[in-house]
Amino acid sequence: MRINCPFCGERGNDEFSYLGDASVVRPDPASPSAADEFYAFAYERRNVAGPMQELWYHTAGCHAWLVVTRDTRTHEIFEVKAAQDVAFGRQKTADTTP
Amino acid sequence: MSESAQSLTAKNRPVISELTDVSVTHLAARREMRTSLDDVARSTFGVALPATPRVVEAPGVMIVWAGPDQWLVMQQRGDKADIFAELAKTFNGLASVVDVSDSRAIFRVAASRPSDALVRSMGIDLDDSVFRPGDVAITHVSHLGVMVWRLPDATGYDFACPRTYSRDFLDWLGKI
Amino acid sequence: MFRTDHYSIFSVLAEALRGQTGWKPAWRQAAPKSGYDIVIVGGGGHGLATAYYLAKRYGTTNIAVVERGWIGSGNVGRNTTIVRSNYLLPGNIPFYETSMKLWEGLEQDLNYNAMVSQRGVLNLYHSDAQRDAYVRRGNAMRLHGIDAELLDLNAVRAMYPWLNYDNARFPIKGGLIQRRGGTVRHDAVAWGYARGADRLGVDIIENAEVTGFRIENGRIAGVETTRGFIGANKVGLSVAGSSSRLAAMAGMTLPIESHVLQAFVSEGIKPFIDGVVTFGAGHFYISQSDKGGLVFGGDIDGYNSYAQRGNLPVIEDVLEGGMALMPRIGRVRLLRSWGGLMDMSMDGSPIIDRTPIDGLYFNGGWCYGGFKATPAAGLCFAHLLARDEPHEVARGYRLDRFRTGHMIDEKGMGNQPNLH
Amino acid sequence: MTQTSRVTGLGLVDRSKPLDFTFDGVPYTGYKGDTLASALLANGVRLVGRSFKYHRPRGILTAGSEEPNALVELRTGARREPNTRATVAELYSGLEAKSQNRFPSLSLDLLSINGLLSPVFSAGFYYKTFMWPASFWEKVYEPMIRRAAGLGRAANEADPDIYDKANAFCDVLVIGSGPAGLMAALSAARAGARLILTDESFAFGGRLLSDVTTIDGMSGVEWVKSSISELSSLPNVRLLPRTTIFGAYDSGTFGAVERVADHVAVPSAGEPRQRLWHIVAKQTVVAQGSTERPIIFGNNDRPGVMLASAVRSYINRFGVAPGQTAVVFSNNDDAASTIDDLVRAGVTVAALVDTRASVPEAIKLRARKQGIRVFEGAAVADALGGQRVSGARIVAAYGTSHTVGCDLIAVSGGFNPNLQVTTHLGGRPQWHENLAAFVPGALPKWMTVAGAANGVFSLASCLGDGAKAGHAAAVAAGFDANATAVPHAEDEPINVSAFWHVEAAKHKAFVDQQNDVTAADVRLAEREGYRSVEHLKRYTTLGMATDQGKTSNVNGLALMAELTKKSIPATGTTSARPPYSPVSIGAFAGEHRGKHFKPTRLTPSHNWAKERGAVFIEAGMWLRAQYFPKPGETDWQTVVNREVTTVRSGVGVCDVSTLGKIEIHGTDAGKFLDRVYINMMSTLGVGKARYGMMLREDGIAMDDGTAARFADDRYFITTTTANAIKVLQHLELCRQWYWPELDVQIFPVSDQWAQYSVAGPRARGLLAKIVDAPFDISNSAFPYMAAAELTVLSGIKGRLYRLSFSGELAYEIAVPARHGELLMRKLMSEGEEFGVTPYGTEALGVMRIEKGHVAGPELNGTTTAADLGLGKMASTKKDFVGRVLSQRPGLADPNRPRVIGFKPVDRSARLRGGAHFIAKDAKATAENDLGYMTSVAYSPSLGHWVGLGLLSQAESRVGEILTAVDPVRGETTLVEVVPSAFYDAEGARLRV
């Protein structure tokens, strides 16, 4: 399997480390329901059979964390983004949400 | 940039030498300072910091892309005063700088084109038509981390490996 | 005449005289009835064993096992056949030892030879720290009354004189062996349980895929399948590899990820590896089958996957370990590699528990341990389904243990399934 | 012996290069260009092996990698190679081969008695037997089964050959170099695509080497030559003969094995035996041809029964007549060319037996012209003869039976496209009724199939199909070119009419020859309900042998379909798992074996330590000095005791460069570290260091280390040796994913610094000689937990930290790695007056246990900060990774085992890591298990063993006597629970 690192180009998956589901987002520790939210964040997994957003780290390359959209049934990769950009995008969305 | 005369190669193979007298500074842009950093870098070095995996050269300096918003600035040490301190001052507030001159062993392979053995042994496409002069890659070979760049003047390739793995790396390099 | 529904050397000899024509199907091709007391979803080793023990030990025979494809098509048919109970943590040890004991009497219980072969499982260690970690494990086993022996280098050499002792990057210093561990002919486990359950009246329904659950007022009423609705008072899910997908149909999100584990077999060669050997300094374990194939494996590929296949880097990683440990196998050829879907739980240990839906029960999250667990998982799931309370050796396998912080984490890897 | 079956004037072997070889010790001669099989046939050898179960005599069925029977042990000694197919083994001078699975000899095999017992040894008989008595399985039955198991023998010694790994990238990969493959390659290469062409054989050309063909007016062989010569002249082409693509993997990656030196007796020095290729292709054309399938009839495994296409290969490619009198048995038009070739080779063709009721007139005419009897609507029911075929019993229409004498039965049951590689990624083959074969189903976007592999069988259409596929692949890879002209060839149809097995067979009829699976076994499986194709396979072992059922799977499936009265596609499909054909384990490992299994990481003082006689230990990838014996010291304990005592009384130096080292910079560096450590780091003063602990998000301790602050926006942290990579990755996750808004930059600098611990009451005196003036290292100027950047040894930039793991007055001094060796030598020479000693990981470990510091055995991934006695470090003023989940009841439970100290009650007793604690008078059972010993050491400072362990209700048990049980070592020791700091609990010594 090959992953197209947005910084380094396409590389074999042995250059990367896997973390898992990128759709779970670290909750606000100050939330009154932080205990439940952190439990869900750390343990509950949708375990998608199909296109899934997931976190990969370019261990042997540029050390960037990436959000990879990949079909877990076929291993086809549709999109790779820098995790930092996705995180910023998420924060912006959060900021503008009333 | 010149290398030490110490030759590590046998006959009938590309000449491999180690670059030992080089100051290497790792530069990482501070948050939201990229534009100002680019300006200062251009005026300091006379070349722009490469935004993609490329290496650029200017008199006395070679700048190697080292990841997003990160570079290795390589300068001949010679008898110059504290190169690192000077860079730290220049980029104060715009980039974080760390002296990593001893982090990697850097080997220069003199070859205008890559040997078939070299092409075969790398997990990235080093074909002459693909890995062009000035291209940089951070990757691994034979379980060893490595940075490789092709010299902008197409006279060779530099391989930088973590210093503590350099014995094994040199073994590998001896086979290409 | 010898009855062909009881297997023995005499029935085989008697049948030899008439060309083996008197045999009956090992299990009936049952058509679904409108309803059952209990429907087990998943005709793998666990599902079939559950049905068998429900019928045999808990007296419930109005049971159907519903299987999407052919029975045994999941992990019971695609593993490296190892059985052992050399676990570390008190939450796991009694369970896996229960399984080991059931393996030990399985053939006679089922009247089906699954070739349970206790030729020993040896874990090699390569450092003092690793030795002490194995000693901790061996001692925990011994305190539970399970066999475990610490072998020094000489004892390991005597057993396997041809391992790489002299030129190793990580020299072998000794090993921990469980002599009662070994291998089992994996397909035969599914067939044996199927035949056993069938003979007790269980309906085994193949080619029936569950497409949904009928839930009325928070209580299960049955399953929708490609062969129609099947009513049930209780439904047990035993569908490793598909757990999350089926749970989602019932509105649940599980602490499970699906990962692929590759396994390998070589061409058949004259046997020279007696037991199971696990390399402590790489990702490699190996045994040799009764047909002569070297059967080996390593780590999971490391990313979520529903494809029953892996990629090259892991194959190479496994075989680098193989050659590092056993340099004599260099010219033996790899015959076949395949991938199995692992239900990787978030702490590396399984779940056998009720679900928030009344009458719906769950068995899954077995990670690598599913095959060796088959008998005990069947027994404990049967117990839970029959009695509505956990079997005493499976008490820790609760669904809510992650919320309460009572993880059973043998490897200490935390909530990262790809590292377990 | 002469090559009695070699045919003058035919074949592509090089008759000017004779090669000597032996089979079962008998010397023979063949030619360059032979396979072992063709050379054996040339010498009239027909009996080559014995079958797996019944030890039946077996010969050569095929001329390719699908061979089920002709398996031999090739080479001897450490290079012995079991189960090598004689049909693909390239002949070389000095080749030694032995037959397998026979006792005492190939022609007299006593175990062939199994054949007589075959009514008992039916499919799956062992599932029904060997159950009584239960204890007999491991002792009696299984050893018996295992003695009979397997075919060849693995070498007894380490494989002496080298294996290499290689990578290649291309626009178009073409697999197979028959007519379709060659045309695809020419098309793509002419379009300018970077092309790789592979073929498993040593010669390119595929079927064109084995059949008599004409392409564009020249012979097929000539056309191959000219095509290969064109391809090899192109700079964008890489030709890989002797290379098997064994697997298709994700994203267009292929695994291939190149047999670099299997065609010589021993590889030349430095040359690999085989090379494992990773080929990354933008587009791939699969042109692997097809495999002919046998028809199932009685004694169809007798030596002399051969696939018709193989007969043609032996005649046309190798110049060998595989028999003297032949019967051709077929269900398709391809038989005609077999007849022609046989006749040309001087073989008498006794009969053409065709299962079709009416054979095309043209074929009949061709046969009759040669005086060949034609049986229409007929079948060979049984082969006659024992160790080789002596005749065929033909059952013709209306049930008449004829016996025809022959020593060769050329059989053709039609062709199965070689679509294995197309199924590796989950593609399901489709049944094609007209071809009576499976053809490729859905394919990945980047894969096409051409020629016979695609169910396109005539030469003209193969060329056309290949040209089209090659062009399309080049276009898909981004090349703009015109299509290549397709050369002219005849378009002969094959006209297969499905026919699977001969009902009238009287003898055993084999479906899977290698695994001895008969038609009767398939019937039994059906009877017993093992009807799904996978059950059939697993119950009977059909298709599970080393040929992976290339000649048997479809036949078995068809037989089951007949029995269950279902269509073939409703019965199942045949999808394959990699590898396409078996691949040496050595090739997958490459050079990563022995000492090169993993890379070796060396510390900056390694060379010096080696010179000093250090004993090294593997620690992760590192080699570290474990201890430094002096001349005369033979016992490691003596050495370690001396090292510890010297540190505690004088001064010692230890290389701690293996610690992970990370620079954390940026205006938000402090804030960032507050979030990743449980304690506060933003409040740390510049020039100070602090011990810190990080948790995983699940609340379990991840790592510990120190953080030093050199400027407001500049920290330097260390990690444990084991967790360096993990921590860096975690910090990058925090920086890039959790809190991208923070201004933080992270630099891994583990390799930049040589870092040494200088420890002991005289450390300051030694360091004073190392650090440059005027830096003041007095206790007041540079107190405990101070950190500074300074110069040492006259101008080398360095760093100094006042940290102590040993509990003594201690420093860690760091210099750029290139100066590491110099610094170590200086510390030794300048330290002479202080009695300095180097110390290794053992002494380091002893001293940390004496001090009660936790390390790897305690930080084992299941302990919390509180378990480690560090709960109070956690700041309550901030959030940090792991805080929320560490408060779950299971982790916050005060009864969890915690780290505490242990002393033996009998001070001379030894403690053992891994021992479990039991209350003194309780029984040693799991219920009474209170915890276990994590770390032990003999403390020379205290004169007895000390230990750390995890114990339930640890604090309240201080002073209690427990039993430490160690059943696997057979030891039981009484221990006293004590506070974990054994030595200088107040920490007075490190503050002086």
Side-chain angles (χ1 to χ4, degrees), chain B residues 20-21 23-33 66-70 82 84-85 88 92-93 95-105 116-131 140-145 160-169 171-172 175, chain D residues 164-170 194 235-236 238 270 275 277-278 280 590-592 595-604 606-607 621-623 657-658 661 663-669 713-714 716 736 740-754 797 815-820:
Chain B
T20 51
D21 192 30
S23 158
V24 184
T25 305
H26 195 152
L27 206 67
R30 288 275 169 105
R31 191 166 134 62
E32 290 179 349
M33 292 296 170
D69 291 335
Q70 298 183 53
D82 195 335
F84 169 74
N92 185 32
S96 293
V97 290
V98 173
D99 185 350
V100 293
S101 305
D102 289 44
S103 278
R104 297 174 182 83
D116 193 43
L118 175 58
V119 170
R120 277 203 316 253
S121 51
M122 296 287 290
I124 58 168
D125 194 351
L126 271 202
D127 187 88
D128 201 35
S129 64
V130 177
F131 197 72
H140 60 182
V141 289
S142 196
H143 300 336
L144 300 160
C161 79
R163 175 177 291 270
T164 52
Y165 284 114
S166 58
R167 187 182 76 179
D168 276 6
F169 188 80
D171 273 357
W172 173 83
K175 290 180 206 157
Chain D
D164 186 24
K165 287 188 188 177
N167 304 284
F169 298 81
C170 62
R194 283 169 76 192
N236 52 324
R238 188 192 281 272
R275 177 176 289 135
W277 285 88
H278 313 94
V280 179
E591 63 180 330
H592 298 293
K595 292 280 187 203
H596 295 287
F597 169 49
K598 297 283 181 201
T600 303
R601 201 171 180 189
L602 302 178
T603 70
H606 181 83
N607 289 339
M621 295 300 122
W622 292 99
L623 270 191
S657 306
T658 60
K661 310 181 204 75
E663 298 269 345
I664 312 280
H665 291 199
T667 48
D668 293 321
D713 57 358
R714 217 150 55 78
F716 168 80
Q736 297 176 37
E741 71 281 6
L742 298 184
D743 178 33
V744 177
Q745 290 79 40
I746 298 175
F747 303 87
V749 291
S750 296
D751 283 35
Q752 167 68 19
W753 297 101
K797 281 201 272 184
V815 291
R818 76 184 64 196
H819 303 298

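In what follows, every heavy atom counts, from backbone to side chain, and hydrogens, waters and symmetry copies are set aside. It should be emphasised that the depicted structure is a prediction, and the values quoted were computed from it without experimental measurement. By convention in this document, chain letters (A, B, ...) are assigned in the order of the sequence lines, proteins followed by strands, and residues within each chain are numbered from 1.
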Derivation of the salt bridge (charged side-chain N to carboxylate O under 4.0 Å, His left out) call for Glu591(D) and Lys175(B):
CA-CA 12 Å; Glu591(D) 63 180 330; Lys175(B) 290 180 206 157; 2.7 Å; yes
Between Ala105(B), Ser129(B), Gly123(B), Ser121(B), who has the most heavy-atom pairs with chain D when the cutoff is under 4.5 Å?
Gly123(B)
Tell me, with the steps shown, if Thr164(B) and Asp751(D) meet side-chain hydrogen bond (donor to acceptor under 3.5 Å, both in side chains).
CA-CA 6 Å; Thr164(B) 52; Asp751(D) 283 35; 2.6 Å; yes
May I ask you to name which of His606(D), Met621(D), Arg238(D), Lys165(D) has the most heavy-atom pairs under 4.5 Å with chain B?
Arg238(D)
Side chain, backbone, both or neither of Met122(B) within contact of chain D (heavy atoms, under 4.5 Å):
backbone
Min side-chain heavy-atom separation Phe169(B)-Val141(B) under 4.5 Å
yes
Over 12 non-hydrogen atoms of neighbours within 6.0 angstrom of NE2 in His596(D)
no
Quick check for you: among Asp125(B), Val100(B), Asp168(B), which has the greatest number of heavy-atom pairs under 4.5 Å with chain D?
Asp125(B)
Could you tell me which portion of Ser657(D) (side chain, backbone, both or neither) has an atom closer than 4.5 angstrom to a non-hydrogen atom of chain B?
neither
Which answer fits Arg167(B), side chain, backbone, both or neither, if we ask what part of it has an atom under 4.5 Å from a heavy atom of chain D?
side chain
Heavy atoms only, distances under 4.5 angstrom: which of Ala117(B), Ser101(B), Ser166(B) has the most pairs with chain D? Name it, please.
Ser101(B)
Output yes when Asp116(B) and Arg120(B) qualify as a salt bridge under the 4.0 Å nitrogen-oxygen rule, no when they do not.
yes
Side chain, backbone, both or neither of Asp668(D) within contact of chain B (heavy atoms, under 4.5 Å)
neither
Can you tell me how far the SG atom of Cys161(B) sits from the CZ atom of Arg104(B), to the nearest 0.5 Å?
9.5 Å
For Phe747(D), enumerate each residue passing the ring pair (Phe, Tyr, Trp, His ring centres under 6.0 Å) test, keeping only those at least two apart in sequence or located in another chain.
His26(B), His665(D)
Measuring only between side-chain heavy atoms, which start at C-beta, is Asp127(B) closer than 4.5 Å to Arg194(D)?
yes
When heavy-atom pairs shorter than 4.5 Å are enumerated against chain D, which of Val24(B), Leu126(B), Ile124(B) gives the highest number?
Ile124(B)
In terms of heavy-atom proximity below 4.5 Å to chain B, should Arg275(D) be classed as side chain, backbone, both, or neither?
side chain
Using non-hydrogen atoms only, which part of Phe84(B) is less than 4.5 Å away from chain D: side chain, backbone, both, or neither?
side chain
Okay, Trp277(D) and chain B: the region with an atom under 4.5 Å from a heavy atom over there is side chain
Counting only heavy atoms closer than 4.5 Å, note whether Ser142(B) contacts chain D via side chain, backbone, both or neither.
both
If I measure from the heavy atoms of chain B, does Phe716(D) come under 4.5 Å with its side chain, its backbone, both, or neither?
neither
Ranking Asp102(B), Asp99(B), Asp69(B), Val97(B) by heavy-atom pairs under 4.5 Å to chain D gives rank one to Asp102(B)
Among Pro740(D), Gly270(D), Pro599(D), Gly590(D), which residue has the highest count of heavy-atom pairs closer than 4.5 Å to chain B?
Pro599(D)
Is His592(D) close to chain B through its backbone or its side chain, or both, or neither, when contacts mean heavy atoms under 4.5 Å?
side chain
